[in-house]
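First the structure, in the form of structure tokens, and then the observations on it.
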Amino acid sequence: MKIGVLALQGAFREHIRMLQALGAEAVEIRLPAELDEADGLVIPGGESTTMRKLMADFGLVGPLREFAASGKPLFGTCAGLIVMADRVGGRRQELLNLIDIDVERNAYGRQIDSREADIFGEALGPEPFHAVFIRAPQILGIGPGVEPLAHYRGQVVLARQKNILVATFHPELTDDSRIHGLFLRMLGRRAR
Ligand code: GLN
């Protein structure tokens with residue numbers, strides 16, 4: 001199983017490191033043709049406006065939509081979640097539209113650029129997950145097909161819709177690999 005990590009911009013190296021630590025093969029993806037060899041894809045955190053522009057410049061929007069439509073798992077963190085969301089600030093964005101959520105960018109305010117907090121969720125087991133939020137978005141609403149997997153202050157911060165997994169925080173910046181493990185299990189289930 002080979003996992004691609006979109007490497008246009010942002011924290012892609014950290015995702016590769018964590019996936020490799022879990023024994024998975026992880027490769028950088030920049031070109032549409034490189035998507036063909038991947039069984040799953042991570043879209044990392046970074047800056048969603050830059051990523052959005054680069055995705056269009058590299059001709060990746062259509063191929064990424066097809067990749068998701070084929071049923072292969074995708075995992076978006078922070079800016080990766082934003083570019084995968086159907087709505088931003090209540091308005092539909094014309095982009096990947098992979099998951100039925102409404103997000104608000106930089107939702108914790110400018111004064112507190114980043115924060116670390118324990119989050120909880122059944123999908124993670126009994127132990128809290130120490131989440132790193134960096135200029136993080138908030139999920140304002142989820143559609144009926146979206147399964148909330150973890151919460152912080154009553155808000156959904158980790159969610160899944162079929163083959164799409166999203167987190168508002170940066171699980172690749174900790175040494176807790178449970179969420180990447182969850183993603184690898186989504187790939188494993190598909191392979192069986
Ligand atoms: N604030 C960024 C954005 O809106 C996301 C930050 C991140 O990915 N850590 O794109």
Side-chain angles (χ1 to χ4, degrees), residues 3-19 26 28-30 40-58 60-61 64-65 68 73-119 121 129-142 146 148-153 155-161 164-180 182-183:
I3 296 150
V5 179
L6 196 67
L8 300 175
Q9 193 258 338
F12 55 89
R13 288 182 194 85
E14 292 80 357
H15 277 289
I16 289 179
R17 213 172 294 145
M18 182 156 271
L19 291 165
E28 296 179 6
I29 303 268
R30 290 184 186 81
L41 185 79
V42 175
I43 304 188
E47 180 54 46
S48 59
T49 47
T50 309
M51 212 180 286
R52 180 191 179 104
K53 185 181 180 302
L54 291 171
M55 274 178 356
D57 291 351
F58 280 70
L60 279 161
V61 176
L64 284 170
R65 281 184 167 175
L74 283 98
F75 177 25
T77 57
C78 207
L81 166 150
I82 296 168
V83 298
M84 283 160 67
D86 191 55
R87 295 174 301 285
V88 178
R91 293 181 55 184
R92 185 179 152 90
Q93 66 170 343
E94 271 329 307
L95 198 60
L96 303 177
N97 307 95
L98 299 184
I99 180 161
D100 188 10
I101 58 175
D102 184 11
V103 300
E104 185 179 322
R105 296 179 56 205
N106 304 318
Y108 293 94
R110 284 213 173 151
Q111 273 72 29
I112 315 160
D113 256 4
S114 58
R115 63 173 66 193
E116 298 185 15
D118 284 343
I119 63 165
F129 187 97
H130 194 69
V132 179
F133 297 88
I134 303 173
R135 293 185 300 285
Q138 279 176 11
I139 298 175
L140 302 180
I142 63 172
V146 179
L149 298 180
H151 292 85
Y152 169 59
R153 291 189 168 175
Q155 273 181 317
V156 178
V157 291
L158 178 70
R160 177 171 54 201
Q161 178 180 331
I164 308 295
L165 178 70
V166 291
T168 63
F169 53 94
H170 283 264
E172 78 286 5
L173 297 183
T174 58
D175 49 21
D176 189 335
S177 59
R178 276 179 286 165
I179 295 174
H180 286 77
L182 193 78
F183 180 57

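Counting convention: from 1, in listed order, for ligands and their atoms alike.
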Side-chain ion pair, Arg105 and Glu47, N-O less than 4.0 Å: yes
State, to 0.1 Å, how close Leu41 and Phe183 come at their nearest heavy-atom pair, and which atoms those are. O-CZ, 3.7 Å
For the pair Gln161 (side chain) and Asp100 (backbone), establish whether a donor and an acceptor sit closer than 3.5 Å, ignoring hydrogens and angles. yes
Quick one: closest heavy-atom pair of Val157 and Phe133, and the distance? CG1-CE2, 4.0 Å
Dump the pairs for me: ligand 1 N or O, protein N or O, distance under 3.5 Å, to 0.1 Å.
residue: ligand 1; atom: 1 (N); partner: Asn106; partner atom: OD1; Å: 2.6
residue: ligand 1; atom: 1 (N); partner: Arg135; partner atom: O; Å: 2.9
residue: ligand 1; atom: 4 (O); partner: Ser48; partner atom: OG; Å: 3.4
residue: ligand 1; atom: 4 (O); partner: Arg105; partner atom: NE; Å: 2.6
residue: ligand 1; atom: 4 (O); partner: Arg105; partner atom: NH2; Å: 3.0
residue: ligand 1; atom: 8 (O); partner: Gly46; partner atom: N; Å: 2.9
residue: ligand 1; atom: 8 (O); partner: Gly46; partner atom: O; Å: 3.1
residue: ligand 1; atom: 8 (O); partner: Ala79; partner atom: N; Å: 3.0
residue: ligand 1; atom: 9 (N); partner: Ile134; partner atom: O; Å: 2.9
residue: ligand 1; atom: 9 (N); partner: His170; partner atom: NE2; Å: 2.8
residue: ligand 1; atom: 10 (O); partner: Ser48; partner atom: N; Å: 2.6
residue: ligand 1; atom: 10 (O); partner: Ser48; partner atom: OG; Å: 2.7

Name every donor-acceptor pair, under 3.5 Å, that has one atom in a side chain of residues 76-85 and the other anywhere in the protein, sequence neighbours excluded.
residue: Thr77; atom: OG1; partner: His15; partner atom: NE2; Å: 3.1
residue: Thr77; atom: OG1; partner: Gly45; partner atom: N; Å: 3.3

Is there a donor-acceptor contact under 3.5 Å linking the side chains of Glu172 and His180? no
